[in-house]
Amino acid sequence: MYDFAYHKPTSIADAVKLLQADPEAKPIAGGHTLIPALKHRLNRPSALVDLSGIAELKGIRREGDTIVIGAMTRHVEVATNPEVAAAIPALSRMAGSIGDTQVRNRGTMGGSLANNDPAADYPAAVLALGGTLVTNARQIAADDFFQGMFTTALEPAELLVAIRLPVPLKCGYAKMKNPASRYSMAGVFVAKGPAGVRVAVNGAGPGVFRVAAMEQALAANWSPDAVAGISIPADGLNSDIHASAEYRAHLVTVMAKRAVADAG
Amino acid sequence: MNVVTPFEGIGAAVKRKEDARFLSGRGQYTDDLNRAGQAHAVILRSPHPHARIVSIDTAAARAMPGVVAVFTGEDLKGVGGLPCGWQVKNKDGSPMAEPPHPVLAIGKVRHVGDPVAVAIAETRAQAQDAAEAIRVEYEVLPSVGTIDGALAPGAPQIHEAAPGNICYDWHLGDAAATEAAFAGAHKVVVLETTNNRLIPNAMEPRAAIGDFDPATGEHTLYTTSQNPHVIRLLMGAFVLGIPEAKLRVVAPDVGGGFGSKIYHYAEEALVTWAAAQLKRPVKWTADRSESFMSDAHGRDHVTRAELALDKDGTFLGLKVSTRCNMGAYLSTFAPAVPTYLYATLLAGVYRTPAIYAEVKAVFTNTVPVDAYRGAGRPEATFLLERLVDVAAAEMGMDRIEIRRRNFIKPDMFPYQTPVALQYDSGNYDATLNAALAAADWAGFEARRAEAAKRGRLRGIGCSTYIEACGIAPSHVVGQLGARAGLYEVANIRVHPTGSVTVFTGTHSHGQGHETTFAQLVSDRLGVPLDKVDVVHGDTGKIPFGMGTYGSRSLAVGGSAMVKAMDKIIAKGKRIAAHLMEASVEDIEFDRGVFRVAGTDKTKSLAEVSLAAYVPHNYPIEEIEPGLEETAFYDPKNFTYPAGCHIAEVEIDPDTGATTIVNFVAVDDVGRVINPMIVEGQVQGGVAQGIGQALLENAAYAPDGTLLSGSMMDYAMPRADDLPAVGVATHTTLCTHNPLGVKGCGEVGAIGSPPAVINAVVDALKPFGVRHVDMPATPAKIWSIIHGSRRVAAE
């Protein structure tokens, strides 16, 4: 780890100010990606702006038909919050399936979304639910937010503040974990709600993506059988020592079936 | 009178004495130690599998804040290379290729992680900055990461001293007799298989602190070692030229070894040497990434085996041809692993009359490979137990029946195998029967059918394994090329008031020796467990012993303790005879009490001991004061734990994921001292075996790039990957050591992998699967199922 300055602001405005003042500074949420990168000296920020002291970034509330989750809300809180469990049960289960106890007590939903690791869980949920990403400057639709591997619509010094998720009629999630890292090797989140029927895939491709053919099939017939015969092309999917692109393509269909079954 | 409760001695499941400090965070591991004035070392390692070092510029690094020194291979030219402790000979009797292994690379680097330079600074962070500032110009050379690649025509040559990258081409057994057996065979079954390379990943990374006292000229090395005296001998005599009397090696609490902490590593020599150069302590601690690329790896074989059978399924002959990977250099005991710890086990528990094995060891641009839990024996067992299952299938025979038909029977011991070993005892039907019953083998088909209704493929598999441990008779291993003796030592010190300290040459790094050995002493000398202390791991305290590996600590080290205690008892009888005015022949000793036979006259061990240290009323003309004895024990033979492991699995055909739904281990480890510790050892070994079977793989690209260099890509077994392992023992006693013990440290890792894969293959029977190589990952199983379905569709 190289030396860096450390700031712990208590307001969004102060955090943004710090980031704007120093283009080499980086915000840190739970740190599950950034800290290992720092330890391996793969990243050299001049300063870390720790977001954990900002109360307005935390917490979960229901606003009518929308669940609003603060960006610095920990996985454990998403997993155990009764409002989430009642409104978006698959999101509760997803949060409870991330990493292990230590990870869930430290990692944050906003950190994961802003990082947009292709193998992370949340992007599929937010995309399938048709969520809105609220920043200090604007509101971004999920379809516009995720822009491929580790890339989002966030501008430099723009902070993710909250995630707004419309409450769906049904939702389900299933994933196959990488045997080593336990990240998603292919995961599918399905949702039927105000945004229509949406199917989002994590782990399999270079970024989270939707599967239109499955969405159409499920809109016509909400059942595991509806997606059982739909396969996605392996072209462009990830391939590594754990899974070929062909295997990942196959898993997407299997996980889609299971996600629909999970949704009920 | 000292009265020992019967619950503390041999056979008692007492809780481990050492756990109080481990579980409360009070263990003292090497990295917990800090010497006054210590500097920190960070090693710059090769990023390339194979490259010529054109130049190294350390000027910038040396000028950085806090930097004490920067050393390269040139600075260590006066220092010897890392020695190899075992010489294997080629088929023609010539010695193996033994290329130099410099402490820091000279001229060339040969694997990713090969140490190139060391930066030493006031803080670790400063040393890290300095290491990064060392400028190394490399000329990248063609490189090779696989066995077959290294043997291919035109392959990059890794060492001048090893033409064709061959370390040795060795064989064992009677080739002519084996050919004759094959000539008369009803059927020959062929199996080609690999044994996947593993990365040990002990919980505690390696660490070392070198210290030097200019006033006395004494060097001290604190290190994460399984055998401090071996390190002292190798490093003192061969690398740094320090006489034993001036070199102390301390291996304090060590957090797991599994073999990877047997070997003498470059970093140990480096910090010891640097401390003397700089006249201040130098500390190095590996980070996890360094562990992946610098701890000796395990396994890595490619094998073709053929089994000849008669029409009844009796084994007639076995031919095995193995190519194995040594990595880029010879680690300390590497040459012995795929030879004398592997081919000698190819008889298994069977009466195969003729066996011939040839083993070709090759150098590649990968991390050196050496003994890892089981070491050679898991490779032999996997091969054999898979081959037997394939043979049963191809003969149309039952998998259990073919085993029983070929077992060495209980009345055949001692049994001389055709591959050098002589088994002393065992009862393979007994462990098989107990395991079959515990696993409800007979009821399996109903469970398979029930699983099929749920869309799951269920399979069951067994392995009936044997291993050779308790290493080893010194004269035997000497003939086989070992450059060391493999006896063990114990010093038993009875203190004036009757408490006891045991000084052992073995080393505990998770095995619970402080408890098991105390139980031995408690049982024999009748001293309460809490008054027995076990000291190990410090050459400044213990007599010269060989350390812990090869499940030897109890069979060899414990036997030395028995011999030392016998001497204590013999001397104690003479003292007791004097005190009770009786003839020494009339003195009996039982659990802490000396008694004049047939009388109620007694003296406790504490009374006798007090007399020995306060010899006012003492036969001083005849015997010396004090009550302390040392014994060395050189085993007469290896010990032969054996048993049966049964795995039951379910495969999800949609994903290829395997779940182990039941696992039963019935092991004959000889006499059990502490059943709870044995159970823990077996469970830990089985966890590692399941890891090898389903998860773990050190993946290298063909050019020697390590692809699984972190926990993100190297799949270690986690708790939820593992079933509850049912452990039971069935004992036949070892006939040649005083305790009748065989050893339990490695059986789990040896017996379990073929049981798991046999179950996986059984589950995949509907797809006509004959063999699955390890690890049986979901992706691999899916591609087998998918490939089979695709063929069927076409």
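All of these numbers come straight from a predicted model, not from anything done at the bench. Below, chains carry the letters A, B, ... as their sequence lines are ordered, and counting in each starts from 1.
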Check against side chain to side chain contact (heavy atoms under 4.5 Å, CB included), A/Met1 and B/Gln128: CA-CA 9 Å; A/Met1 204 178 274; B/Gln128 223 172 347; over 6 Å; no
Main-chain N/O of B/Thr655 paired to A/Tyr247 side chain as donor or acceptor, under 3.5 Å: yes
Heavy-atom check, side chain of A/Met176 versus side chain of B/Trp782, under 4.5 Å: no
Top of B/Pro775, B/Gly656, B/Ala715, B/Ser783 for chain A proximity - count of heavy-atom pairs under 4.5 angstrom: B/Ala715
Interchain contact, B/Pro778 with chain A, by part (heavy-atom threshold 4.5 Å): both
Interface moiety of B/Asp129 toward chain A, non-hydrogen atoms closer than 4.5 Å: both
4.5 Å side-chain heavy-atom contact, B/Ser289 and A/His40: yes
B/Asp720 bridged to A/Arg182 by N-O distance under 4.0 Å: yes
Closest non-hydrogen atom pair between B/Asp654 and A/Leu251, with its separation: O-CD2, 4.5 Å
Atom pair OH/CD1 of B/Tyr700 and A/Ile241 - distance to nearest 0.5 Å: 12.0 Å
Minimal non-hydrogen separation, B/Ala779 against A/His242, with atom names: CB-O, 3.2 Å
Between B/Leu695, B/Asp713, B/Asp287, the one whose heavy-atom pairs under 4.5 Å with chain A are most numerous: B/Asp713
Minimal non-hydrogen separation, B/Met712 against A/Asn178, with atom names: O-OD1, 4.2 Å
Distance in Å, A/Ser244 OG paired with B/Lys780 NZ, rounded so as to fall on 0.5 Å steps: 13.0 Å
B/Glu132 side, atom CD; A/Arg41 side, atom CZ - distance, nearest 0.5 Å: 4.5 Å
Evaluation steps, salt bridge (Lys or Arg N to Asp or Glu O under 4.0 Å), between B/Arg718 and A/Asp100: CA-CA 11 Å; B/Arg718 291 163 163 91; A/Asp100 51 30; over 6 Å; no
